[in-house]
Amino acid sequence: MTEIRLYNTRTRQKERFEPIDPANVRMYVCGPTVYDRAHLGNARPVVTFDVLYRLLKCLAKEKNWQKVTYVRNFTDVDDKINAAALKRKQAGDPRSLEELIRERTEETIGWYHADMDALGALRPGREPRATEFIGAMIAMIEDLIAKGHAYAAEGHVLFRVRSYKDYGALSGRSVDDMIAGARVEVAPFKEDPMDFVLWKPSDGDLPGWDSPWGRGRPGWHIECSAMSYELLGPSFDIHGGGIDLQFPHHENEIAQSCCAHPEGNFATIWMHNEMLLVEGKKMSKSLGNFFTVRDLLEQGVPGEVIRLVFLSTHYRSPMDWTDEKAREAKETLRTWFRLSQPEQPNPYGLHSVVPSLVNDLNTPEAIRGLHMLATHGEGAQLRAALDLLGLTPSSDWWCKGKEDRSEDGLMVGLGWSGNRSSDEIDLAWKLAFRWAGLRRDRNYPAADALRKAALLGGLELRATKNADADAEILDSFDLATLNGVELE
RNA sequence: GGCGAGUUGGCGGAGUGGUUACGCAGCGGAUUGCAAAUCCGUGUACAGGAGUUCGAUUCUCCUACUCGCCUCCA
């Protein structure tokens with residue numbers, strides 16, 4: 001039986017994975033705050049945990065698990081969302097702030113789905129929105145107050161960090177150490193500087209809900225505790241997210257959940273993906289060095305190429321995004337897709353990747369397995385392995401159009417990828433026949449010169465056994481350059 | 001300042017107490033009028049220092065450097 005081993009941030013070691021309840025394997029991943037397009041860094045946990053989700057589903061039968069429940073939230077209550085809506089209102093939009101906020105979050109969720117779909121990520125089974133669980137959050141906060149773990153002060157409710165003895169265990173820090181460095185907000189109504197907000201007051205313009213502490217809105221951390229409890233219960237198997245959420249977000253989630261539901265132990269395994277870097281620096285909002293998934297897609301980088309670049313680095317290592325990696329990944333996928341797509345998947349191919357994946361999602365090693373299958377020409381097995389990893393073509397960009405024509409007794413083949421205009425294809429034919437003619441006449445100097453010039457314009461000419469010439473339109477094909485060639 | 005992760009061949013990137021992935025690039029060969037493509041072959045790298053060991057890239061300690069968290073962040 002296949003043993004799954006996963007690195008648990010909480011214990012700092014790889015652990016054998018056994019679900020609490022084989023009838024329902026449960027994982028929760030922190031999702032996006034929906035106020036803008038997802039940047040590339042946002043995509044890393046999505047791809048990482050999508051691989052885990054697919055792996056767990058793939059092994060469910062063998063393991064006798066009845067189902068895998070994957071929950072990923074949308075944070076649709078947040079000051080950044082409010083700010084974005086307020087900006088529109090100030091720009092003269094006549095609608096109410098509430099309507100603008102709703103529109104903004106709806107729109108952003110649509111973008112998020114489209115962009116993550118493009119990366120080959122399966123939608124989680126549940127995608128709860130924070131605003132749908134305000135009641136559950138209020139109930140949880142009331143419970144925390146009743147149990148002495150939280151207190152109300154000046155319209156706020158704060159979590160009493162000192163009341164939870166294991167606070168800091170996940171991230172390996174102590175309350176006293178943190179206060180020493182103290183970069184925490186000093187608020188006069190806090191009992192302790194580390195106490196964090198569960199509920200805060202909203203004034204007239206801001207979205208708010210009635211609560212025992214007046215009209216207000218929840219703090220950031222409580223939503224994940226409330227929603228995971230409602231949908232997965234007091235104990236579940238895996239909790240995931242980016243490493244930057246380890247503190248304070250996940251630490252606070254643990255404190256809230258464990259204090260409110262001492263009968264459970266919240267998440268068994270904590271998994272954190274490392275950051276995505278651009279030019280060696282973390283992609284982040286504050287640095288402003290980010291670009292979105294949509295930006296890349298629009299530049300012609302297919303989603304599965306982005307995905308392969310991500311998978312080529314282990315999820316617990318920082319990954320530097322480079323154009324060079326994208327270029328290599330595209331070439332690799334082109335080869336793999338051409339070999340595998342005509343085939344029906346042969347599940348035997350899974351043996352080439354699953355042993356790597358069950359070892360804490362060792363995707364780089366799994367990729368080696370894919371290369372092995374490709375080298376041995378195992379298209380059907382490769383197909384199955386690619387599908388497991390979510391590397392399925394989103395379009396026919398990799399596909400080779402192929403046509404043969406004869407003219408003046410010459411036989412010439414032309415191939416191209418994706419969509420090409422008839423002008424482009426006509427010109428390619430013209431050059432290919434001219435080259436074939438020159439070669440038939442044994443005018444090699446002219447033929448070589450033409451081939452060289454054509455290549456610079458993105459048309460590759462080559463001799464084949466079965467025809468007089470074979471031409472391929474490359475990605476770099478440029479009509480203007482090649483028109484110049486023809487005139488010479 | 002506190003805490004954590006990392007430093008592998010030209011580049012990317014796994015892994016291992018002794019047999020040293022994989023990809024790209026390079027080199028050699030087959031093939032080719034020449035190329036391309038393809039196929040075959042080829043590379044003994046693990047930041048520096050000390051220690052443990054029969055033996056360390058792999059374990060321990062120290063140093064240097066890089067990155068992250070401690071503030072919104074995936």
Any ion pair linking [Y] and [X] (charged N to carboxylate O, less than 4.0 Å)?
{"X": "A:Glu107", "Y": "A:Arg88", "answer": "yes"}
{"X": "A:Asp408", "Y": "A:Arg440", "answer": "no"}
{"X": "A:Lys402", "Y": "A:Asp470", "answer": "yes"}
{"X": "A:Glu331", "Y": "A:Arg334", "answer": "yes"}

Is any side-chain nitrogen or oxygen of A:Ser171 closer than 4.0 Å to OP1 or OP2 of B:C3?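 No, outside the criterion.
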
Rounded to the nearest Å, what distance is computed from the [atom1] atom of residue [X] to the [atom2] atom of nucleotide [N]?
{"X": "A:Trp435", "N": "B:U32", "atom1": "CH2", "atom2": "C1'", "answer": "11 Å"}
{"X": "A:His314", "N": "B:G23", "atom1": "NE2", "atom2": "P", "answer": "21 Å"}
{"X": "A:Met194", "N": "B:C3", "atom1": "CE", "atom2": "C1'", "answer": "12 Å"}
{"X": "A:Arg173", "N": "B:C3", "atom1": "CZ", "atom2": "C1'", "answer": "6 Å"}
{"X": "A:Leu438", "N": "B:C34", "atom1": "CG", "atom2": "P", "answer": "18 Å"}
{"X": "A:Leu373", "N": "B:C22", "atom1": "CG", "atom2": "C1'", "answer": "13 Å"}
{"X": "A:Tyr444", "N": "B:C34", "atom1": "OH", "atom2": "P", "answer": "9 Å"}
{"X": "A:Arg316", "N": "B:A74", "atom1": "CZ", "atom2": "C1'", "answer": "17 Å"}

Check whether the side chain of A:Arg368 and the base of B:G23 form a donor-acceptor pair under 3.5 Å.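 Under the 3.5 Å cut-off, the side chain and the base do not form any donor-acceptor pair.
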
Does A:Asp448 contact B:G33 through a side-chain donor or acceptor facing the base, at a distance under 3.5 Å?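 Counting by modelled atom types and ignoring angles, a donor-acceptor contact under 3.5 Å is found here.
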
Assign [X] to base, sugar-phosphate, or nothing according to its heavy-atom contacts below 4.0 angstrom with the strands shown.
{"X": "A:Leu455", "answer": "nothing"}
{"X": "A:Gly172", "answer": "sugar-phosphate"}
{"X": "A:Met372", "answer": "sugar-phosphate"}
{"X": "A:Arg442", "answer": "nothing"}
{"X": "A:Leu461", "answer": "base"}
{"X": "A:Asp470", "answer": "nothing"}

Is A:His239 close to A:Phe266 at the side-chain level, that is, under 4.5 Å between some pair of heavy atoms?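 With C-beta onward as the side chain, the pair touches.
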
Tell me, do A:Phe196 and A:Lys190 make a side-chain contact under 4.5 Å, heavy atoms counted?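 Counting from C-beta outward, A:Phe196 and A:Lys190 never come under 4.5 Å.
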
Quick check on contacts: within residues 241-258 of chain A, what sits under 4.0 Å from RNA chain B by heavy-atom distance?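 Close to the strand are A:Gly241, A:Gly242, A:Asp244, A:Leu245, A:Phe247.
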
Quick check on contacts: within residues 320-336 of chain A, what sits under 4.0 Å from RNA chain B by heavy-atom distance?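 Heavy-atom cutoff 4.0 Å gives A:Lys325, A:Glu328.
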
Search all heavy atoms of A:Met283 against all heavy atoms of A:Val278 and return the closest pair with its distance.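 That closest heavy-atom pairing would be CE-CG2, 3.7 Å.
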
Heavy-atom pair with the smallest gap, counting every atom of A:Cys30 and A:Glu253: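 Scanning both residues completely, I find the closest heavy atoms to be SG-OE2, 3.6 Å.
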
With A:Tyr315, the side chain to side chain donor-acceptor pair (under 3.5 Å) member among A:Asp360, A:Asn273, A:Asn362, A:Thr48: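 It is A:Asp360; the other options fail the test.
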
Is the charged tip of A:Arg173 near the ring of A:Phe247: under 6.0 Å from the six-membered ring centre and within 45° of its axis?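 Cation-pi check for A:Arg173 and A:Phe247: passes.
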
Is there a Watson-Crick or G-U wobble partner for [N] with both distances under 3.5 Å, and if so, which one is it?
{"N": "B:C34", "answer": "none"}
{"N": "B:G4", "answer": "B:C67"}
{"N": "B:U42", "answer": "B:G26"}

Closest-nucleotide 5' rank along RNA chain B - winner of A:Ala43 and A:Ala447: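 Mapping each residue to its closest nucleotide by heavy atoms, the 5'-most match is A:Ala447.
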
By nearest heavy atom, map A:Lys281 and A:Tyr35 onto RNA chain B; which one lands nearer the 5' end?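 So the residue in question is A:Lys281.
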
Distance flag, aromatic centroids of A:Phe74 and A:Tyr112, threshold under 6.0 Å: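 Yes, they do, as the ring centres are separated by less than 6.0 Å.
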
